[in-house]
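Take a look at the structure set out below.
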Protein chains: 2
Amino acid sequence: MTRETGRGRGSATPRSVDVARLAGVSQKTVSRVFNDEPYVSADVRRRVLEAAEQLGYRLNNAARALASGRTRSIGVVTLGTALYGPASLLMGVERVVRDTGYALRVVNTMEGDPAGLAGAVDSLLDQGVDGIVISEPIDEEGVDGQSSLRLDVPVLVLGAPSPVTAPTVLTAGDGADLMARTATEHLLALGHVTVHHLAGPQRWYAARDRLKGWRATLADHDREIPPVAEGDWSAGSGYRAGRALAENGDVTAVFAANDDMAIGLIRALTEAGRRVPEDVSVVGFDDIPVAAYVTPPLTTVRQPFDTVAQEGLKRLVHTIENPDAEPLPPSAPPVDLIVRTSTAPPPSRTPPARGRRTASRPRGGTHRPSLPNGGPSPRS
Amino acid sequence: MTRETGRGRGSATPRSVDVARLAGVSQKTVSRVFNDEPYVSADVRRRVLEAAEQLGYRLNNAARALASGRTRSIGVVTLGTALYGPASLLMGVERVVRDTGYALRVVNTMEGDPAGLAGAVDSLLDQGVDGIVISEPIDEEGVDGQSSLRLDVPVLVLGAPSPVTAPTVLTAGDGADLMARTATEHLLALGHVTVHHLAGPQRWYAARDRLKGWRATLADHDREIPPVAEGDWSAGSGYRAGRALAENGDVTAVFAANDDMAIGLIRALTEAGRRVPEDVSVVGFDDIPVAAYVTPPLTTVRQPFDTVAQEGLKRLVHTIENPDAEPLPPSAPPVDLIVRTSTAPPPSRTPPARGRRTASRPRGGTHRPSLPNGGPSPRS
DNA sequence: GTGAAAGCGCTAACAC
DNA sequence: GTGTTAGCGCTTTCAC
């Protein structure tokens, strides 16, 4: 049986028997060495390693997976966008996965994908994975109702309640509502009577959580809850929402569900002659890399992507390796509000503390961008 | 031999023999059906499919890989950043890989990673992949010299010359210098005497290519080649470079190697009282999502990430599946300059065509941001 | 501490 | 068109 897979005379890919022969041990012993099993004498171990090195041997992963029933890989379902949030999360996941000795398989769910999440998970299951990470799932109408996707490997859901049924379902990074509260509180503390919200697409759990946090905060303070504008995360949608908001003279503070929309929003406000932050304060969400350098530097909530990924995966791997043990408890990620210069007390009102700021000028008049003294402060 | 892998009475994971038994055919026939092999009667095929469905059968990928010697998966080495370019490329790659029926394995090379590219590739090889995509590699000093990383699966390198030796090495998306030329030409055509360059980190091939294209263009036009500022892709580094450039009154046009740096740069210029584009024109690179909404909307070069990924992978898959055939020829990706409002003719000079623009005003004076009529144009 | 034997679930070659 | 026979390169069990 001549296989294409390089069965040429000397250049064949070596197998563990070859290493065993060269080292003068049994094949099983080679296996022991490569699996770091105990009960191998130091001397034998060294000889095996040398032989392996000499032959250029590497363990065959497929054979290993077949024999052991474990693939040592984790699959992640992403949204297939280069949006800062999802992309950062994915990179965080990769880092941890590799550190824990697993391989990473990646599959997208494009929005509008007919198969959607179910298709993505299925493809992962076909490939063979020991655990699955679902990053920032969106709510897929219809699909949800009929079959709540049932699978038999542990699952970690990032940034949302779980849309699946599995033996173990872990969640992490679902603290968005708390962060939204912090953002809203910040605006309220500056003296704004109420805060408007430019929400993300409500199919995203992440967007819903932020909205929920915002609304709860206003309710807690007995403030009026203004109608919500909904964008699609893009700066363009923020811009369009901003044009509408600019016409409403009552708007003095807006909490945008991400930085891109905040930037579009600010542009629309500025074009309409509403100064930021003198007339209108804006808070973003994410702390994208350019947030500190746009005009004006954006006050925003930094998401702890790395922490979330790390903590979530630690728990997932623990569950994979100790299927019968209690899952590790979750821990709350830190909330990190970065105050820059896109927020200020509302016009012509006495702020709660310190001295008062510029009074408002006629709308649509000449204006210049607010240039903070000393330049932007990239980190806090 | 009781395996943990669910060998419980009825709920055991079914194997192809089980399907065969139920369908009343041989195990090999089941295999045929699942591999879409010819010579299976429609009737048998249907019976097999039904039996499989009933049992909830799914092909075991590990066994398949072991028996066939092919893993049907492609590995990609990324940089582990959420930077727009690399992230977009990765998403593009995922999309195509899945479309072609392969699975995707992802590994990062963190900058500063001791193992670096070699380690990443090695890990992919351990996992077993039929081909490797190296996305935007950076030049790893030292490593390069001694061992030019030799591997025996076909490789596709995105956005750089190949740092590895393999039976087949394909490249795609290495047209950055052409795009840089277009950006530079644009500025020259507006009437600028010369163009400064804010380069990316020179360890990145992508950064070098852009620099090369810029320099070549100036040389072609017999223009003075100003000293190069080097950033690290971040808005912060652009800001720092911008502070220095702002002090040089001769600077009227800058080509930044990415949009983030361009945004930082613009901020620094603006703070220093140099208006963009009236005093200084700035061109970015990438066309990040917010580029159209920053102030002023950024003229930039759009990178065709999807096209590059798609075209490159088509060629890679072709090579994997037809190892002996000629590799498919590369095709040049389109160059897409998006002109917005961060570029204009230089101050107090007659532009080559059309009417003249605003004369320069005293530096450091009052100024307002350039607000384009009708708002930003997100696409072209 | 080490080895022998028996699969893991599939695909490859060839016979029918 | 379909079945038979051998493995693919490991891990597992159990004997020594």
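Order of the sequence lines sets the chain letters (A, B, ...), proteins ahead of strands, with each chain counted from 1. The model shown is predicted, which means the values in this text are computed figures rather than measured ones.
Remark: Thr78(A) pairs with Asn108(A) by the side-chain hydrogen bond (donor to acceptor under 3.5 Å, both in side chains) rule, at least two apart or across chains. In this structure Glu37(B) satisfies the side-chain contact (heavy atoms from CB on, under 4.5 Å) test together with Lys28(B), Arg32(B), Asn35(B), sequence neighbours excluded. Here Glu321(A) pairs with nothing under the salt bridge (Lys or Arg N to Asp or Glu O under 4.0 Å) rule; sequence neighbours left out. Residues that satisfy the side-chain contact (heavy atoms from CB on, under 4.5 Å) test with Leu59(A), not counting sequence neighbours, are Phe34(A), Tyr57(A), Arg64(A).
Taking atom CG of residue Leu66(B) and atom C1' of nucleotide dG9(C), one finds them 9 Å apart after rounding to whole Å. Here the C1' atom of nucleotide dC8(D) and the CG atom of Asn61(B) are 14 Å apart, to the nearest Å.
At the phosphate of dC10(C), OP1 or OP2 sits under 4.0 Å from a side-chain N or O atom of Ser16(B).
Within residues 27-45 of chain A, the residues approached by DNA chain C to less than 4.0 Å at the level of any non-hydrogen atom are Lys28(A), Thr29(A), Arg32(A), Tyr39(A), Val40(A), Ser41(A), Val44(A), in residue-number order.
The side chain of Ala67(A) has dC10(D) as its nearest neighbour among dC10(D), dC10(C), dA4(C). The listed nucleotides are dC10(D), dG3(C), dG9(C); the one nearest the side chain of Asn60(B) is dG9(C).
Listed by first then second residue, pairs satisfying salt bridge (charged side-chain N to carboxylate O under 4.0 Å, His left out) with a partner in residues 49-58 of chain A read Arg46(A)-Glu50(A), Arg58(A)-Asp122(B), Arg58(A)-Asp126(B), not counting sequence neighbours.
Ser31(B) and Gln27(B) form no side-chain donor-acceptor contact under 3.5 Å, judged by distance and modelled atom types alone.
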